[in-house]
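Only one structure is covered here, and it is reproduced in the block below.
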Amino acid sequence: MSKRFYVTTAIDYVNGEPHLGHAYEKIIADVIARARRSLGQEAFYLTGLDEHGQKVQQAAVAEGKAPQAYCDELAVVWQACAAKLGLSIDDFVRTTQPRHKAVVAAMLRKLHSQGDLYKAPYRGWYSWKEETFLTEKDRRPDGTFDPAWGEVKELVEENWYFRMAKHQSWLIEHIEANPTFVQPDSRRNEVLGFLKSQTLEDLCISRPKARLSWGIPLPFDPDYVNYVWFDALTNYYSIPAALGDSEAAAPLEGFFDSTFHAPRSALRLWPADVHVIGKDIVKFHAVYWPIMLKAAGIPLPKQVLVHGWWQKDGQKMSKTTGNVVNPIEVIDEWGLDAFRFYVLRELDIGPDGNWTDAGFKARYQAELANGLGNLVNRSLSMLKRYRNGVVPPPHSELANDAGKVLADTRVALENSELQGALLNIWSLVTRANQYVDHTAPFKLAKDPAQAKRLDEVLYNLAETCRVLAVLLWPFLPSTATKIFTQLGLSGLPDKFAAAAWGGLPAGHKIGEPAPLFPRKDISTRISRIRFARQCY
Ligand code: ME8
């Protein structure tokens with residue numbers, strides 16, 4: 001089996017419920033995976049949960065539950081959310097799974113045996129909330145620490161450290177030689193700036209069990225558990241190894257214990273092609289993770305793709321103030337594809353975004369209901385009304401427009417430029433809607449002498465709808481499928497190659513047109529949806 005295109009997301013802390021930011025990231029990765037599959041590659045999409053560490057232990061204790069029971073309960077909520085988002089995931093990792101823990105232990109054993117890890121005492125300021133020691137650089141001018149760090153206390157403890165010094169220069173060279181390793185460029189520059197201006201301090205990779213017991217024990221020192229970030233980052237690699245990617249597992253051969261059982265498999269996933277993450281965790285993914293891998297003799301991932309953060313109404317989303325966008329509620333009211341469309345169309349991968357309910361509704365109305373929805377509905381309704389739903393002979397008036405959009409969309413998808421791809425696809429929606437206005441098929445239908453011209457126009461419109469379904473599949477899979485069904489086509493619009501012009505054969509009978517995006521009275525809720533009067 002050849003290597004699959006392997007895309008991952010950050011694994012979410014299980015203490016809490018999914019919000020817009022989590023959903024956005026998972027949808028980005030889903031579109032990337034679906035696009036690759038549509039383009040003919042095999043793809044594997046991994047997401048999951050980060051279940052160890054201080055935050056989870058504290059949250060479990062606060063609810064009077066054992067950490068594992070607490071995680072098990074919340075994992076159900078998060079997995080249900082993944083299903084609600086329509087994610088085409090191939091696996092769902094939980095860092096408390098034995099398959100993951102066995103690989104983390106093997107990685108630690110190898111690094112320890114090579115002398116990459118050492119034990120030393122440390123005195124420092126510790127943020128309990130962020131589970132990290134702070135340095136003098138983290139102090140504000142008045143000597144205090146930002147309240148964002150939560151409670152900060154001085155702590156002295158022995159811990160295990162990962163030697164970083166020898167890794168700084170090759171990492172700079174690697175990032176310079178591979179411009180797409182960290183994307184977008186602004187994030188790449190940020191990482192290079194950091195690496196060139198500061199000496200990397202050794203990374204503390206343990207927590208004493210006396211202080212934190214909820215973690216993976218260090219295989220060579222039972223008084224400690226592994227630092228949650230070392231554990232969490234390893235998920236990207238542990239799952240391929242555990243699923244039987246033998247080339248992935250090879251560098252750790254001899255370091256696994258008897259709990260590790262990978263099936264015999266021809267699966268090839270590692271190295272990851274894209275790690276999709278948010279801007280707050282770039283240093284972990286673009287600095288520590290490559291160093292961990294390189295030290296363990298494991299090939300590096302190809303790309304870390306960094307998205308920005310969402311705010312709501314110009315404010316940080318926060319449970320305490322109540323301004324959180326709950327993706328489930330939006331989907332229940334507006335439909336999954338409306339949510340997927342909005343987040344991908346509104347925010348390019350990189351900058352920060354701002355959710356407003358008014359902005360969401362405006363895009364829904366203009367681009368989905370009046371744009372795509374109206375095009376498909378009036379095109380198919382006219383074909384039904386004027387030709388009894390039978391496709392006329394092929395004609396290629398819109399073929400060049402569609403061909404250009406197809407070529408540009410392919411490039412955009414190959415570069416994970418998802419907003420760019422949508423803008424491009426919508427240029428075809430707009431072109432086809434204008435074509436209806438210019439050709440006025442409803443007038444042609446009144447003149448028997450224009451029958452051939454009406455055939456041509458109806459073919460171009462129906463075929464454009466078919467092409468759009470294929471192009472839209474990675475973004476709006478359910479809408480794309482509905483368009484196919486309404487066109488009377490069997491199967492899924494999930495093969496990009498099928499977007500080539502001329503796929504609708506003459507004489508084919510389409511299905512029943514129905515509105516894709518019910519227009520809503522903006523001032524009412526879904527219970528009072530009124531369907532659009534079709535205008536043609
Ligand atoms: O960081 N907008 O988990 P997490 C956009 N467990 N993205 C956001 C966001 C927002 N408002 N808030 C969070 C962790 N995210 C670790 C990851 S990976 C080995 C371990 C993104 O639940 C955030 O940037 O705090 C991150 O990529 C993801 O959601 C999970 O955040």
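Read the numbers this way: they start at 1 and go in the same order the structure lists the ligands and their atoms.
Salt-bridge annotation for Lys166 and Asp116: present, with a side-chain N of the basic residue lying under 4.0 Å from a carboxylate O of the acidic one.
Ring orientation note: the planes of Phe162 and Phe230 are tilted relative to one another, at an angle of 30° to 60°.
Taking the six-membered ring where the residue is Trp, the centroids of Phe360 and Trp355 are separated by under 6.0 Å.
Between the side chain of Glu151 and the backbone N or O of Trp128 there is no donor-acceptor pair closer than 3.5 Å.
The cationic group of Arg139 lies under 6.0 Å from the six-membered ring centre of Trp125 and within 45° of the ring axis, placing it in a cation-pi geometry.
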Anything under 3.5 Å between an N or O on ligand 1 and a protein N or O? List each pair with its distance, or write none.
{"residue": "ligand 1", "atom": "2 (N)", "partner": "Trp310", "partner atom": "N", "Å": "2.9"}
{"residue": "ligand 1", "atom": "6 (N)", "partner": "Ile11", "partner atom": "O", "Å": "2.7"}
{"residue": "ligand 1", "atom": "6 (N)", "partner": "Asp50", "partner atom": "OD2", "Å": "2.7"}
{"residue": "ligand 1", "atom": "11 (N)", "partner": "Trp310", "partner atom": "O", "Å": "3.2"}
{"residue": "ligand 1", "atom": "22 (O)", "partner": "Tyr13", "partner atom": "N", "Å": "3.0"}
{"residue": "ligand 1", "atom": "22 (O)", "partner": "His22", "partner atom": "NE2", "Å": "3.3"}
{"residue": "ligand 1", "atom": "24 (O)", "partner": "Asp280", "partner atom": "OD1", "Å": "2.5"}
{"residue": "ligand 1", "atom": "24 (O)", "partner": "Trp309", "partner atom": "NE1", "Å": "3.0"}
{"residue": "ligand 1", "atom": "27 (O)", "partner": "Glu25", "partner atom": "OE1", "Å": "2.6"}
{"residue": "ligand 1", "atom": "27 (O)", "partner": "Gly278", "partner atom": "N", "Å": "2.9"}

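Among residues two or more places apart in sequence or in another chain, the side-chain hydrogen bond (donor to acceptor under 3.5 Å, both in side chains) test is passed with Lys209 by none.
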